[in-house]
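Structure first, then comments.
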Amino acid sequence: MSSLKVYNSLTRQKEIFTSLVPGYVGMYVCGPTVSGESHLGHARPYITFDVVYRYLQYLGYKIRYVRNITDAGHFEEEGREAEDKISKKAVIEKLEPMELVQKYTNLFHWAMEQFNTIAPSIEPTATGHIVEQIVMIEKIIEDGYAYVANGSVYFDVEKYNTDFAKKGMPYGLLSGRVLDDQLDTTRELDNQEEKKNKSDFALWKNAPPEHIMRWKSPWGEGFPGWHIECSAMSTKYLGEEFDIHGGGMDLVFPHHECEIAQSAVCNHKRMARYWLHNNMITINGRKMGKSYNNVIRLSEMFSGSHPILEQPYSPMTIRFFILQSHYRSTLDFGNEALQSAEKGLKRLWEAYEALQKFRVTDTAFNEENLDRELDDKVQKLLAEFDTFMNDDFNTAKVLASMFELVPVINSIKDKHITAGALTSSTFTLLQQKMKTFVEDIFGLKSELQGDYSKLEGVIQVLIELRKQAKAKKDYVTSDAIRKQLLPLGIALKDEKDGNISYSLTS
RNA sequence: GGUCCUGUGACCGAGUGGCUAGGUAGAGCUCUGCAAAAGCUUCCACAGCGGUUCGAAUCCGCUCGGGACCUCCA
């Protein structure tokens with residue numbers, strides 16, 4: 001079998017993945033800032049890395065997946081006073097900062113559950129690791145790569161760049177930036193006069209009196225800078241050097257660049273070996289984001305309550321939609337695209353469920369029925385699942401292969417293909433492999449909720465009545481039963497063999 | 001302005017220089033009391049202009065268009 005290759009942002013090429021410790025993988029993914037409700041854009045990284053996580057498990061790795069919750073307020077510079085955005089909003093909403101943070105954390109967890117993502121192994125919060133961050137900052141100061149100014153601490157980017165460039169780790173390595181080119185392009189920021197250079201970034205910010213979120217530190221009361229939490233928590237839970245660091249492409253600079261610098265000073269290591277970045281979801285070609293005023297919250301997606309939405313879109317539809325593209329490409333949102341995804345998923349899922357219901361004995365395999373060509377084709381398509389996933393997690397191609405199997409499955413079900421056209425081993429492999437990839441790796445699931453056992457009994461009664469009506473050629477009655485069930489989400493289908501099957505939609 | 005990415009058929013989207021991915025929609029057919037579903041068949045592409053090559057959607061150059069980052073950001 002081919003080995004896993006991943007695109008490493010650091011080297012800008014695909015590399016064969018090997019873990020630092022054989023059999024084990026450490027993965028850190030930048031989590032959400034819980035100062036507001038999650039939007040469609042958030043779905044991309046967490047679904048992408050959920051699949052990465054699941055696939056690595058499939059490959060047999062024992063993996064520790066760390067994803068932080070940023071619940072300590074970072075400061076904003078909207079041309080005004082530096083302000084904790086979390087505490088700012090809390091005042092408006094008359095909520096305690098932690099109450100607000102808890103609310104949005106809960107909403108985030110709810111959305112992630114809807115998407116059927118597996119919870120990370122550790123989900124550390126920034127506020128729960130203030131001590132670790134302070135310790136790290138102290139170390140950076142000791143080593144001479146940070147300085148204190150008016151109760152704030154800044155990272156000395158110039159000095160870092162000068163010293164670490166010699167070690168092959170200049171500042172800007174990940175994002176492809178050259179520090180000297182940057183000096184003029186940095187925008188005017190608050191408290192700029194405190195910094196030695198514009199490119200320096202805050203490790204610790206002095207809290208103004210009105211600031212609600214604040215902690216005691218050697219430099220006075222304040223709060224941590226934007227980047228230090230990830231360095232501190234990744235070191236704590238994954239070690240000084242670990243395998244994978246993931247996040248959205250918009251975090252490459254400055255966030256990840258700063259993480260690398262902080263960790264390099266403290267640990268003298270290169271932090272993460274593979275940097276994986278997902279691309280953005282766009283809407284009308286534009287990134288979804290607060291600043292563009294085009295945010296669709298996940299709760300709005302699920303309920304269809306946003307003016308731009310023609311209908312609600314279920315979590316699985318969105319998950320499938322995301323899986324249909326490659327994670328490093330932009331993905332353009334649109335009603336038409338989502339509706340296509342919804343229908344495609346339905347077709348795939350129904351074929352999948354039908355497949356799982358088969359017993360191998362149903363196929364009645366024997367030499368006469370064997371269709372060698374078809375058998376080879378199925379085997380080839382199944383083998384491609386692994387090949388494509390190994391090629392930087394190309395879920396789009398795997399889905400394409402799955403859709404080539406759908407007509408085969410449906411043809412067996414509808415008896416267009418002779419039972420037993422496939423060898424029983426191929427058929428078993430088809431069932432197993434589809435189950436593994438559809439459910440275990442892609443994380444797709446049925447969206448029917450609750451207990452349908454009673455309803456199923458009721459439907460069987462109606463089906464029986466309809467059968468009797470049909471036998472008497474009483475089509476008025478039989479059509480009425482079918483027609484009235486449809487708006488209730490129960491679709492009856494007359495099968496070839498005279499049976500009536502049904503499918504439920506939520 | 002700097003750095004980088006990108007432009008594929010009605011829409012979304014994959015794509016290793018040679019084998020017209022796939023999904024949805026459209027058209028036709030089969031099955032069917034009708035319907036739905038399913039199956040089969042089918043139409044519609046590689047922004048433009050040059051270049052390299054036996055051969056380019058894929059490599060190179062230019063032009064035009066879109067986007068990301070340089071500020072919190074998934």
Side-chain angles (χ1 to χ4, degrees), chain A residues 12 29-33 35-36 38-49 70 73-79 85 172 175-178 181-182 184-190 199 226 246-255 257 277-282 284-292 320-321 324-326 328-348 350-351 354 388 391 394-404 406-411 413-417 470 473 475 478-479 482-483 486 491-496 501 503:
Chain A
R12 285 150 219 274
V29 175
C30 286
T33 303
S35 62
S38 311
H39 58 76
L40 179 60
H42 291 101
R44 190 96 191 259
Y46 306 128
I47 288 174
T48 297
F49 288 103
T70 300
H74 292 154
F75 52 88
E76 283 179 321
E77 307 91 5
E78 291 290 290
K85 69 179 169 188
S175 56
R177 277 155 219 269
V178 179
D181 299 344
Q182 291 249 136
D184 300 332
T185 60
T186 309
R187 221 212 207 159
E188 209 49 51
L189 300 173
D190 280 331
S199 51
W226 336 328
M249 272 185 188
D250 50 350
L251 297 179
V252 171
F253 190 90
H255 185 57
E257 206 68 74
H277 292 102
N278 63 276
N279 215 319
M280 305 290 103
I281 286 184
T282 58
N284 295 323
R286 177 145 287 163
K287 175 185 166 183
M288 188 169 293
K290 261 177 275 185
S291 28
Y292 295 115
F320 178 83
F321 175 64
Q324 258 191 321
S325 71
H326 188 265
R328 279 191 295 110
S329 303
T330 54
L331 174 57
D332 201 41
F333 164 86
N335 280 292
E336 229 182 320
L338 259 295
Q339 283 158 15
S340 302
E342 185 180 75
K343 286 178 188 166
L345 172 61
K346 185 168 184 280
R347 195 160 84 92
L348 177 69
E350 285 181 359
F388 294 151
D391 186 13
N394 199 328
T395 53
K397 281 191 135 191
V398 175
L399 279 175
S401 294
M402 283 182 183
F403 272 106
E404 290 202 56
V406 165
V408 177
I409 294 165
N410 284 333
S411 294
K413 173 174 156 265
D414 291 345
K415 309 207 168 30
H416 291 132
I417 291 178
K470 276 184 75 178
K473 296 214 190 303
Y475 295 124
S478 70
D479 285 356
R482 186 174 62 195
K483 208 185 251 175
L486 197 59
L492 299 185
K493 295 175 199 170
D494 294 342
E495 299 292 340
K496 284 260 172 58
S501 67
S503 63

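Residue numbers begin at 1 in each chain, while the letters A, B, ... track the order of the sequences.
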Partner of [N] by Watson-Crick or G-U wobble geometry, both contacts under 3.5 Å, or none?
N      : answer
B:rC69 : B:rG2
B:rU24 : B:rA10
B:rG61 : B:rC49
B:rA38 : B:rU30

From CA spacing to verdict: side-chain contact (heavy atoms from CB on, under 4.5 Å), A:M402, A:L399: CA-CA 5 Å; A:M402 283 182 183; A:L399 279 175; 3.9 Å; yes
N/O (side chain, A:Y292) to phosphate O (OP1/OP2, B:rA74) under 4.0 Å: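 A:Y292 to B:rA74 OP1/OP2: no side-chain N or O under 4.0 Å.
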Under-4.0 Å side-chain N/O to phosphate OP1/OP2 contact, A:S175 with B:rC4: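 Checking A:S175 against B:rC4: no side-chain N or O falls below 4.0 Å of OP1 or OP2.
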A:R286 side chain, from C-beta outward: closest of B:rA74, B:rG67, B:rC70: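 From the listed options, B:rG67 comes nearest.
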Out of B:rG33, B:rC73, B:rC69, whichever nucleotide has its closest atom nearest the side chain of A:F253: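 Among B:rG33, B:rC73, B:rC69, the one nearest the side chain of A:F253 is B:rC69.
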Distance between the [atom1] atoms of [N] and [M], in whole angstroms?
N      : M      : atom1 : answer
B:rC46 : B:rA57 : C1'   : 4 Å
B:rA68 : B:rA27 : C1'   : 40 Å
B:rA47 : B:rC40 : C1'   : 35 Å
B:rU6  : B:rG48 : C1'   : 16 Å
B:rU53 : B:rG17 : C1'   : 9 Å
B:rC49 : B:rA37 : P     : 42 Å
B:rU63 : B:rU3  : P     : 15 Å
B:rG28 : B:rC43 : C1'   : 11 Å

Categorize [X] for me: base, sugar-phosphate, or nothing, with a 4.0 angstrom heavy-atom threshold over every strand shown.
X      : result
A:M288 : base
A:G334 : nothing
A:M280 : base
A:H39  : base
A:G289 : nothing

Using side-chain heavy atoms (C-beta onward) and a distance below 4.5 Å, is [X] in contact with [Y]?
X      : Y      : answer
A:F321 : A:L345 : no
A:M288 : A:H39  : yes
A:P254 : A:R177 : no

Between [atom1] of [X] and [atom2] of [Y], what distance do you get to the nearest 0.5 Å?
X      : Y      : atom1 : atom2 : answer
A:K470 : A:S478 : NZ    : OG    : 6.5 Å
A:L331 : A:T282 : CG    : OG1   : 7.0 Å
A:C30  : A:L251 : SG    : CG    : 5.5 Å

N/O donor-acceptor pair under 3.5 Å between A:N394 side chain and A:K397 backbone: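 Checking the backbone N and O of A:K397 against the side chain of A:N394, a donor-acceptor pair under 3.5 Å is found.
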A:Q324 side chain to A:A341 backbone, donor-acceptor under 3.5 Å: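 No, because the side chain of A:Q324 does not come within donor-acceptor range (under 3.5 Å) of the backbone of A:A341.
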Ion pair check, A:K493 and A:E350, cut-off under 4.0 Å: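 Salt bridge present between A:K493 and A:E350.
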In whole Å, I'd like the distance from the [atom1] atom of [X] to the [atom2] atom of [N].
X      : N      : atom1 : atom2 : result
A:R482 : B:rG33 : CZ    : P     : 11 Å
A:K343 : B:rA36 : NZ    : C1'   : 13 Å
A:H255 : B:rA74 : NE2   : P     : 10 Å
A:K473 : B:rC34 : NZ    : C1'   : 12 Å
A:R177 : B:rC70 : CZ    : C1'   : 5 Å
A:E257 : B:rC4  : CD    : C1'   : 13 Å
A:Y475 : B:rC34 : OH    : P     : 9 Å
A:L251 : B:rC69 : CG    : P     : 10 Å

Contact letters for nucleotides 37-47 of chain B, in which S counts primed atoms plus P, OP1 and OP2 and B counts the base, heavy atoms under 4.0 Å: SSSS-------
Where protein sits on nucleotides 5-16 of chain B, one letter per nucleotide: B base, S sugar-phosphate only, - none, heavy atoms under 4.0 Å: ------SSSSS-
A:F403 over B:rG23, stacked by centroid distance under 5.5 Å, angle under 30°: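 Base of B:rG23: not stacked against A:F403.
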Any residue meeting side chain to side chain donor-acceptor pair (under 3.5 Å) with A:H326, in chain and number order, not counting sequence neighbours: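 Partners of A:H326 under the side chain to side chain donor-acceptor pair (under 3.5 Å) test: none.
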side-chain contact (heavy atoms from CB on, under 4.5 Å) between A:V406 and A:L348, worked out: CA-CA 7 Å; A:V406 165; A:L348 177 69; 3.9 Å; yes
